[in-house]
Structures are given as structure tokens and as C-alpha cells.
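Being a predicted model, the structure only gives us computed values, none of them experimental. Just so we're on the same page: letters track the sequence lines, and every chain starts at 1.
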Protein chains: 2
Amino acid sequence: MAQKGITLKDVAAAANVSRATAARALNSYGYVGDGTALRVLEAAEKLGYRANLVAQALRSGQLPIVGFIPGDIQNPFFARIAHDIETELRRHRHNLLIASSEENVEQEKELLESLRSLSIRGFILAPTSATDSQHIVQLAREGTPVVLIDRVVKEVHCDSVIVDNEGGAREAVDYLVANGHERIGLLRDESRIFTAQERFAGYQNSLESHGIALDASLVSVSRSTVEHAIEATIRLFSRGDRPTALFTVDSLMTQGALLGLRSMGLSIPQDVSLVGFDDFNLATFTDPQITVIAQPTSEIGALAAKMLLERLAGKKLAPRHTRFPTRLIVRGSVSRLHRR
Amino acid sequence: MAQKGITLKDVAAAANVSRATAARALNSYGYVGDGTALRVLEAAEKLGYRANLVAQALRSGQLPIVGFIPGDIQNPFFARIAHDIETELRRHRHNLLIASSEENVEQEKELLESLRSLSIRGFILAPTSATDSQHIVQLAREGTPVVLIDRVVKEVHCDSVIVDNEGGAREAVDYLVANGHERIGLLRDESRIFTAQERFAGYQNSLESHGIALDASLVSVSRSTVEHAIEATIRLFSRGDRPTALFTVDSLMTQGALLGLRSMGLSIPQDVSLVGFDDFNLATFTDPQITVIAQPTSEIGALAAKMLLERLAGKKLAPRHTRFPTRLIVRGSVSRLHRR
DNA sequence: TAAATATGTGAGATCGATCTCACAATCAGC
DNA sequence: GCTGATTGTGAGATCGATCTCACATATTTA
């Protein structure tokens with residue numbers, strides 16, 4: 001009952017022309033007499049005619065809808081991106097359908113599969129697995145425009161927008177090392193996820209370049225939620241020779257680490273130094289303020305949407321890959337470690 | 001190019017039957033011979049047939065899509081609700097289209113208007129205005145299922161899920177008064193918004209019941225973002241006789257207040273006591289932990305989705321209105337005020 | 001003035017799935 | 001063996017917008 005039921009036919013009847021002519025007048029193509037066109041437009045106006053997008057889609061094969069599949073819409077990082085994508089799409093009369101993969105490859109596959117039958121025009125996707133990607137390859141190969149954000153997948157040929165995860169992580173750990181830390185814990189998410197891999201690589205590379213051996217027992221894996229990160233943090237710091245510093249790979253984990261450490265009575269930065277990847281609202285309120293690697297979150301969504309819209313408009317180019325730099329924001333959560 | 005193009009016709013041809021019979025076999029209705037049905041099913045399987053939802057929608061007039069129009073998808077409150085709605089919808093093979101009103105009535109109207117031509121099945125809506133609501137009345141009257149969340153609009157007859165805003169706000173202010181505060185500031189959002197009205201009423205009623213006169217200069221209005229709330233807070237506390245306590249009406253504002261107060265060198269709870277409406281992740285990390293009025297956020301989305309799905313299934317009942325209770329969580333951001 | 005082109009319009013096909021209707025067969029009951 | 005129900009199937013219409021084609025008139029051009 002969504003539609004009042006004023007169709008092109010009604011408009012045509014009111015204007016005393018055929019459907020074909022009405023369509024020409026409304027979409028201004030082909031030959032239409034001036035007077036006729038005016039009559040049609042007036043009739044449409046008076047009746048409150050709105051084209052049925054579903055009918056248009058059946059002919060054209062495409063609904064003016066773009067799908068966005070983030071790992072988790074509750075993560076402020078993705079929420080911000082969703083907002084920016086939607087704003088950009090609206091400018092071009094497209095709508096945004098959001099379905100979260102919940103960081104589950106199977107769910108991601110099912111979503112893609114089911115959205116496909118909706119004749120959605122294109123996808124903006126944060127693939128949950130860097131390797132299990134045949135479904136995405138397949139999608140891109142069929143010609144559906146796809147833009148990957150935050151995470152890429154090697155074999156897929158499409159536009160992508162990511163950040164310098166390795167460099168950012170390296171900078172974070174370099175900074176901790178420069179402050180005298182050697183036992184540096186890592187709170188990361190599952191290794192299937194592209195950003196986790198890259199940030200881990202940054203962690204490794206930094207340690208290696210400083211001649212510090214990687215200690216696997218200092219690395220804790222957790223899902224990216226505050227609750228899971230609290231647990232993982234407690235696990236990591238429940239040992240005798242606990243780390244003197246911690247690097248967390250996203251803002252929800254940073255918040256989990258804050259809460260976990262507090263619950264253990266460990267204070268920052270006296271007992272533990274902390275650097276988090278991805279800035280967040282309250283990072284400057286906590287005491288101390290949290291030192292972070294900031295990403296240009298506000299640019300990712302808008303750029304991805306623009307890229308996708310260009311593809312939808314038919315632009316044929318080689319895939320474009322944008323990688324934004326990150327930025328270390330030094331606040332107060334890292335202390336200089338003095339040898340004891 | 002979203003569709004590989006395997007249509008019912010292809011399946012019918014492969015199974016050597018007519019389209020009508022193929023449809024009957026696939027959707028199991030009417031009479032179909034056992035052998036025939038099997039042939040059709042096998043052919044569909046082999047070809048990888050997926051029904052074109054757009055074509056189905058053209059006939060039925062409805063796409064399996066539900067629209068969600070929150071005030072701001074970046075507000076964790078709405079993000080959580082969006083997540084829960086989506087999870088529930090997916091169970092019933094429906095998709096979620098999210099478009100933010102950005103707390104702008106005109107945008108809300110345009111969105112509704114444009115989504116209408118998409119033949120969306122129903123809406124879950126947090127109306128940005130408690131009074132400017134003809135567009136929603138109209139929508140509901142036409143028979144489109146609508147569920148209002150977080151905010152209601154008087155004239156609209158449809159299901160709704162909200163919380164006890166007045167009671168929650170009253171409890172917050174009662175608590176401050178019980179701790180000796182009389183000059184209690186209010187950081188609220190625009191009065192057009194339903195929750196702002198109700199929470200303001202709770203603030204008023206509490207003061208009145210304690211014989212405290214309402215001082216309009218203690219009330220600061222701001223948009224519901226961290227940035228705007230910082231400014232509003234600073235404005236409110238830049239006066240000589242500043243409030244001894246502050247009540248903020250949502251979690252982004254609470255965070256803004258925290259940052260604003262800190263930037264002014266005011267500490268909580270020594271200089272200012274604080275109670276916020278809506279709990280948030282870091283409320284227990286900040287020092288002190290923040291006392292809040294918690295809402296059952298995790299129940300709202302799921303319930304709203306269920307209600308909507310029932311309506312979509314054709315359930316005809318009088319509109320149901322659920323109002324969840326709130327809960328005061330006492331932490332450490334309120335101090336007992338001693339007369340000076 | 002005849003031929004060629006430009007302009008305006010409508011009838012009907014199309015997109016894909018589904019539904020109505022007509023028409024066969026098969027089977028039961030009398 | 002005949003009527004009437006039961007079962008099975010296909011032809012064609014339908015949803016709404018758009019596009020192709022054919023067919024008119026007008027207007028140029030040779």
C-alpha cells in the first residue's frame with residue numbers, strides 16, 4: 001500500500017495523450033510538442049505523480065540503491081563512514097542499504113548473495129576476510145561496481161580506500177620503544193581481518209627494527225567489542241611479567257583496554273603505557289588523555305561513495321587505490337620507562 | 001549487470017514446462033505433478049536460479065525492505081538500535097535501508113517522500129519533530145506500517161516503543177536535589193524533539209516538587225553532538241553564579257559536557273556534579289565514573305522490528321505503545337553539596 | 001512540385017514473476 | 001458408461017515505465 005497508485009497511465013489519461021508521449025514529456029527525450037509537454041507536466045503535478053522506481057528498476061535492471069556491508073555498524077568508525085556515504089549518495093538520489101557482516105564470512109556471503117537478487121547497483125564493502133574472497137571476486141567480475149574500504153583483498157580488481165595501517169602501527173610502536181618500552185603488548189582482532197594483519201605487521205616490523213624479539217605471549221586476540229577487549233586485556237595482564245605498554249588496534253579495543261586495566265587496578269601511564277589505533281571522542285577526556293594513531297575517518301566514506309558513483313555513471317578506468325596516511329597524536333597515556 | 005540473467009523462463013525451458021508450472025513448482029502452490037516439480041527444482045538448482053525480487057515487487061507492490069530513519073546514525077543509541085533491527089529483519093528475509101534525518105524535518109519529509117516511490121514495506125522512524133508530523137500521519141493513513149521509536153507524535157496512530165523520559169529525568173534531578181543541589185543546569189537538545197520535551201518536563205517537575213524555581217538561564221540548548229555540547233556547556237558555565245550540577249539529556253551531550261568542563265578547568269564532582277541520560281561505554285572509565293539514567297537500548301530495536309514484522313504479516317490490532325522504564329545508575333559524578 | 005527530412009504521436013513489446021482462466025486428463029461414484 | 005469432481009498444465013494478462021517501430025503531418029531542400 002506504499003503507493004497511492006497514480007501511474008503514468010493516469011497522467012497520460014489526464015493529459016489526453018498516450019503513455020509513450022507522457023513518458024517523453026516527463027523524461028524529456030524524443031520529440032514532444034511544447035503544448036503537449038506542458039499539459040503532461042501539469043497533469044503530473046496536479047495528480048502528484050511519482051515514478052515507480054521498482055517498475056523502472058525492472059526495465060533497467062537496477063534500483064537506485066547502494067549496499068554497504070561494514071564489519072559492525074556499532075563501531076563509531078563504520079558509523080561515521082555510513083553517515084558520510086549516505087550523505088553523498090543522497091545528493092545523487094541514491095539510497096543506502098546497510099547490512100552488517102558482523103565479521104562473519106558466511107554472513108557476508110549470504111548477504112551479498114541475497115542482495116544480488118535485489119538488483120542493487122553497487123557495493124561498498126569492508127571484507128571481513130583478506131583471503132576468503134571468491135564471492136567478492138565473482139561479484140566484481142560480473143560487472144557490479146564494488147569499492148572496498150578499510151580492507152582490501154588481493155585478487156579483487158576494484159577501487160579501494162584504506163589507510164596506512166602498517167605505517168601507523170609502526171609509528172605507534174616506535175613511539176613506545178622510543179620511550180623505553182620493550183615488553184609491548186598487542187591487543188588485536190582476528191588475523192583473518194586485513195587491518196589486523198597490516199597493523200600486526202607494523203608492530204612486528206617496529207620491534208624487529210629495534211632488535212626486540214617478538215614474544216607471542218604478549219599478543220592477545222579478541223573480537224572488536226568493548227566487552228571482548230576487556231577480557232582479552234585482563235588475560236594479557238594477569239601474568240607475572242606483564243607488559244609495560246600496550247598497543248590496541250581499534251577504538252573499541254582501546255576502550256576495552258582502559259576498562260580492563262582499571263578493573264585490575266593498573267593505572268595509565270604509571271603502570272602501563274597505552275597507544276590506540278583510531279581516535280575517539282573521549283580520548284581527550286580520560287585521565288590521562290589517550291595517545292592515538294588517528295585515521296582520516298571523515299574522508300573515507302565520502303571518497304568511497306564518490307568513487308562508486310563514478311563507476312555507476314559508467315566511468316571505465318583501471319581500479320584506483322587510495323591509501324590515506326595516519327597521524328600520531330601524542331597525549332598523555334605513554335610514560336617514559338626508567339630501567340629498574 | 002547485477003543479475004546473471006537466469007530467469008524463470010530459463011528454468012522453465014530447462015525443465016520443459018511452462019513458466020506458470022515452473023512458478024508453481026518453485027513456490028509450491030496450486031497443482032503440480034511430483035515428477036514435474038522435481039524436474040523444475042533440479043533445473044533451478046543446476047542453473048543457480050534466484051528469483052528477481054524487483055519483478056516480484058512490481059507485482060506485489062512491495063520490496064522486502066524496511067526503512068529506518070533515525071535522527072543520527074552516529075549516535076551510539078541509534079547505531080545499536082539499527083543493528084538490532086537489522087538482525088531481526090534478516091531473520092525474516094528483509095533488508096534494512098537506513099537514511100538519517102539529521103534532525104531536520106524537511107530532510108525527514110523528503111526522505112519519506114522519496115522512499116515511498118521505492119515501494120518500501122514499512123518504516124521504523126524516530127520523528128525529529130513532535131509537532132510537524134502531517135507527513136507521518138499521511139503515511140500511516142495510507143496503510144504503510146510504521147513503528148515510532150524513541151519519540152512519538154500525538155496524532156499518529158501506530159505502534160511505538162519509547163522510554164520513560166519524564167520519569168528518568170525526574171529521577172536524575174531528584175537525585176541531584178537529594179544531594180543538596182539547587183542550581184541545576186540542563187543541557188538539552190532542541191525543543192522540537194519529543195525526548196527533549198519529556199526530559200525537560202521531568203526536570204521541571206522535579207524542581208517544582210522540591211519548591212525550586214525554574215531558572216531559564218540555567219538551561220542550555222544544543223544539537224546532539226559532542227562538539228555542539230562542548231560549546232553549550234562552556235556557555236552555561238561561563239557565568240559568575242554557575243550551576244553546581246548539570247543534567248545532560250543524551251550520551252553525546254554528556255561526553256560534550258565532560259570535555260567542556262575539563263577545558264574550563266572545572267572538575268567533577270568537586271566543582272560540578274553531573275548526571276547524564278543514556279549510559280555509554282566509557283562512563284565507567286572516566287574519573288570519576290559518570291552517574292547516568294540508563295535506557296534498555298538493547299530491547300528497543302528488536303521490539304520495534306518485531307512489531308513491524310507483525311504488521312507486515314497482516315496483524316490488525318489497535319496500536320501498541322510500549323514505554324520502557326529507565327534506571328538510575330549511581331556512580332561517582334555527583335557530590336553532596338554542603339552549604340557555604 | 002516532388003522528394004527528403006524533421007517533428008509529433010500512439011500501438012504494442014519488453015523487463016520477470018505470478019495469477020487467472022481455459023482446457024485436458026484422470027478418477028470416483030452411481 | 002456417464003456425470004462430476006480432482007489433478008495437472010499452458011496461454012495470456014498483469015504490475016508500471018520505457019523503448020522501438022510505424023505512421024502521420026510539417027517543413028525543407030533540390
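A/Leu58 places its CG atom 9 Å from the C1' atom of C/dA17, with the value rounded to the nearest Å. As rounded to whole Å, 12 Å separates atom P of C/dA17 from atom CG of B/Leu47. The distance between atom CG of A/Leu26 and atom P of D/dC19, rounded to the nearest whole Å, is 13 Å. Rounded to whole Å, atom C1' of C/dA17 lies 12 Å from atom NZ of B/Lys9. The distance from atom CZ of A/Arg59 to atom C1' of D/dC15 is 14 Å, rounded to the nearest whole Å. B/Gln62 places its CD atom 19 Å from the P atom of C/dA17, with the value rounded to the nearest Å. Residue A/Leu118 contributes atom CG, which lies 15 Å from atom C1' of C/dA17 at whole-angstrom precision.
Taking 4.0 Å as the cut-off between side-chain N and carboxylate O, B/Asp132 and B/Lys109 count as a salt-bridged pair.
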Could you run through nucleotides 5-12 of chain C and give me one letter per nucleotide, 5' to 3': B if any protein heavy atom sits under 4.0 Å from the base, S if only the sugar-phosphate is that close, - if neither? --BBBBB-
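Atoms CD1 and CD1, from B/Ile300 and B/Ile124 in turn, are 11.5 Å apart once rounded to the nearest 0.5 Å.
In this view, B/Glu108 satisfies the salt bridge (charged side-chain N to carboxylate O under 4.0 Å, His left out) rule with no residue, not counting sequence neighbours. Qualifying side-chain contact (heavy atoms from CB on, under 4.5 Å) partners for A/Lys306, counting only residues two or more places apart in sequence or in other chains: A/Glu88. A/Asp72 meets the side chain to side chain donor-acceptor pair (under 3.5 Å) test with no other residue; sequence neighbours excluded. A/Gln107 meets the side chain to side chain donor-acceptor pair (under 3.5 Å) test with A/Glu102; sequence neighbours excluded. In terms of the side chain to side chain donor-acceptor pair (under 3.5 Å) criterion, B/Arg59 has no residue partners (sequence neighbours excluded). Partners of B/Thr225 according to the side chain to side chain donor-acceptor pair (under 3.5 Å) rule, which considers only residues two or more places apart in sequence or in another chain, are B/His228.
Comparing the axis of the opening five pairs of the helix from C/dT1-D/dA30 to C/dC30-D/dG1 with that of the closing five pairs yields an angle of 50°, rounded to 10°.
Distances shown here put every side-chain N or O of B/Tyr49 at or beyond 4.0 Å from the OP1 or OP2 atom of C/dG16. A close approach under 4.0 Å does not occur between any side-chain nitrogen or oxygen of A/Asn52 and OP1 or OP2 of D/dC15. Taking 4.0 angstrom as the limit, B/Gln56 places none of its side-chain polar atoms (N or O) nearer than this to OP1 or OP2 of C/dG16. For A/Asn27 and D/dA17, the shortest distance from a side-chain N or O to OP1 or OP2 is not below 4.0 Å.
Annotation: side chain to side chain donor-acceptor pair (under 3.5 Å) contacts involving residues 30-39 of chain A, sequence neighbours excluded, are absent. Among residue pairs with one or both ends in residues 14-27 of chain A, those qualifying as side chain to side chain donor-acceptor pair (under 3.5 Å) are A/Ser18-A/Thr21; sequence neighbours excluded.
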Would you tabulate the pairs of protein nitrogen or oxygen atoms and nucleotide nitrogen or oxygen atoms of nucleotides 23-26 of chain C closer than 3.5 angstrom?
none

Which atom pairs, one a donor and one an acceptor, fall under 3.5 Å between side chains of residues 149-162 of chain B and the rest of the protein, sequence neighbours left out?
residue  : atom : partner  : partner atom : Å
B/Arg151 : NH1  : B/Glu103 : OE1          : 3.0
B/Arg151 : NH1  : B/Glu103 : OE2          : 3.4
B/Arg151 : NH1  : B/Pro127 : O            : 3.2
B/Arg151 : NH2  : B/Glu103 : OE2          : 2.7
B/Glu155 : OE1  : B/Ser133 : OG           : 2.8
B/Asp159 : OD1  : B/Arg311 : NH2          : 2.7
B/Asp159 : OD1  : B/Arg320 : N            : 2.8
B/Asp159 : OD2  : B/Arg311 : NE           : 2.8
B/Asp159 : OD2  : B/Arg311 : NH2          : 3.4
B/Asp159 : OD2  : B/Arg320 : NH2          : 2.9
B/Ser160 : OG   : B/His321 : ND1          : 2.7

